[in-house]
There are 2 protein chains.
Amino acid sequence: MLHVSTRGEYGVRVMIDLARHYRIGLRSLTDISLAEGLPVQYLEQLIKRLREAELVSSTRGAHGGYRLSRPPDEIRMSEVLRTLEGPIGLYSCVADDGVSVACDWDRLNHCSTRLLWSRLRSAIILTLDTMTLAELVPAETADGPAAAIVAAETN
Amino acid sequence: MLHVSTRGEYGVRVMIDLARHYRIGLRSLTDISLAEGLPVQYLEQLIKRLREAELVSSTRGAHGGYRLSRPPDEIRMSEVLRTLEGPIGLYSCVADDGVSVACDWDRLNHCSTRLLWSRLRSAIILTLDTMTLAELVPAETADGPAAAIVAAETN
DNA sequence: CGCTATTCCGACTAATTCGCTCAGATATAC
DNA sequence: GTATATCTGAGCGAATTAGTCGGAATAGCG
């Protein structure tokens with residue numbers, strides 16, 4: 001249950017890649033695609049959302065590419081995932097902002113499951129709100145050939 | 001994102017219904033279906049899982065039905081949702097038990113998203129582990145004359 | 001016994017979502 | 001003006017979801 005689709009997984013991966021290159025300059029999708037082993041044309045769809053949410057900005061044309069609109073430590077993972085996968089709500093009667101919405105069950109009797117989804121949602125939002133992109137970027141990964149291999153263990 | 005399917009929603013709802021009737025006796029699926037406004041034949045599929053996981057027990061034949069195998073306060077919501085929707089894992093490289101599994105990304109470079117899914121999973125499991133069916137049963141919600149007595153003595 | 005209420009079981013299906021691919025249009029450095 | 005990019009929309013096969021359908025097995029009751 002509660003599984004994240006490749007939109008979320010790939011999208012976060014793209015954001016991490018951009019975070020690693022934040023101070024270096026523009027990064028093209030084909031480079032990201034090669035580095036991460038993901039299909040370019042699929043990434044185009046994903047990064048479109050990220051651009052529209054102004055999490056990344058783009059430069060068109062030759063030697064163009066993408067970069068983060070803000071420093072990695074100012075981008076919360078909740079923003080990223082909301083952008084990629086839509087509002088964080090487990091069931092219709094608890095909206096993303098935590099507000100209880102009247103649902104079909106309220107007509108019949110009180111919506112008995114609302115407390116469950118509400119608590120679960122709070123736990124998820126809290127976790128994602130207190131986590132930034134910067135935490136997912138290995139500190140010493142300064143993009144050399146061997147840099148990726150040296151990536152620190154984080155578990 | 002992270003939305004729960006009707007399997008989870010309906011299944012939890014069935015469990016809550018059974019919890020409300022825990023001390024009364026057997027409860028048939030058609031009764032549950034009418035009370036909760038859910039399609040019987042779909043519920044049959046769901047309750048099959050719950051039975052196989054020994055969360056509910058059944059009695060066949062006329063005047064048969066279902067009941068919880070354990071008192072509501074001994075049934076954790078994590079068990080219920082795992083049974084209904086499968087293992088609680090957000091992405092393939094973090095299993096339900098929290099163990100990190102080698103994934104495709106480890107070949108390329110360190111799996112950069114693992115920390116994210118790992119933390120999120122922990123928050124979800126913690127929430128579900130510390131919540132029991134009993135917490136979702138409204139105290140005064142009881143139908144039938146015998147139910148009022150139950151409500152009075154259990155709360 | 002026969003009738004009825006109930007659980008049990010497997011197959012089928014329509015609609016939706018997922019994970020892409022394809023074919024281009026548009027913009028910019030050189 | 002050409003190569004390199006970002007953009008855009010459409011399509012598409014596989015999987016999942018949310019059920020339905022049809023019937024078999026079991027048990028109480030008169």
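Protein chains get the first letters and strands the later ones, always in sequence-line order, with residue 1 at the start of each.
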### Query
So B:W117 and A:H3, side chain to side chain contact (heavy atoms under 4.5 Å, CB included) or not? Walk me through it.
CA-CA 10 Å; B:W117 309 133; A:H3 111 286; over 6 Å; no
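Across the protein-nucleic acid pair, B:E52 atom CD and C:dT7 atom P stand 15 Å apart, rounded to whole Å. A:R67 places its CZ atom 16 Å from the P atom of D:dA5, with the value rounded to the nearest Å. Between B:L46 atom CG and D:dT20 atom P there is a gap of 12 Å when expressed in whole angstrom units. In this structure, CG of A:L43 is placed 16 Å from C1' of D:dT8, rounded to the nearest angstrom. At whole-Å resolution of the value, CG in A:L29 and P in D:dC7 are 9 Å apart. Atoms CG (A:L34) and P (D:dT4) sit 14 Å apart, rounded to a whole Å.
Between A:K48 and D:dT6 there is no side-chain polar atom (N or O) within less than 4.0 angstrom of OP1 or OP2. Here A:R51 does not reach the OP1 or OP2 of D:dT6: none of its side-chain N or O atoms lies under 4.0 Å away.
Every residue meeting the side-chain hydrogen bond (donor to acceptor under 3.5 Å, both in side chains) condition with A:S5, not counting sequence neighbours, appears here in chain and number order: A:E85. Judged as a salt bridge (Lys or Arg N to Asp or Glu O under 4.0 Å), and not counting sequence neighbours, the contacts of A:D96 are A:R82. Residues that satisfy the side-chain contact (heavy atoms from CB on, under 4.5 Å) test with A:V40, not counting sequence neighbours, are A:L29, A:T30, A:S33. Legend: residues meeting side-chain hydrogen bond (donor to acceptor under 3.5 Å, both in side chains) with A:R119, ordered by chain and number and at least two apart, are B:E135. For B:E74, the side-chain contact (heavy atoms from CB on, under 4.5 Å) partners are B:R70, B:P71, not counting sequence neighbours.
Comparing the local axis fitted to the first five base pairs of the helix from C:dC1-D:dG30 to C:dC30-D:dG1 with the one fitted to its last five gives a bend of 10°, rounded to 10°.
Within the nucleic acid shown, A:I47 has no heavy atom closer than 4.0 Å to any nucleic acid atom.
Counting only residues at least two apart or in different chains, ring pair (Phe, Tyr, Trp, His ring centres under 6.0 Å) contacts with residues 27-47 of chain A comprise A:Y10-A:Y42.
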Output a table of donor-acceptor pairs, distance under 3.5 Å, between side-chain atoms of residues 44-68 of chain A and any protein atom two or more places apart or on a different chain; print 'none' if there are none.
from: A:R49; atom 1: NH1; to: A:L84; atom 2: O; distance (Å): 3.0

### Message
Within the 4.0 Å limit for protein heavy atoms, which parts of nucleotides 18-30 of chain C are touched? Write it as a string from 5' to 3', B for base, S for sugar-phosphate only, - for none.
### Response
SSBBB---BBBSS
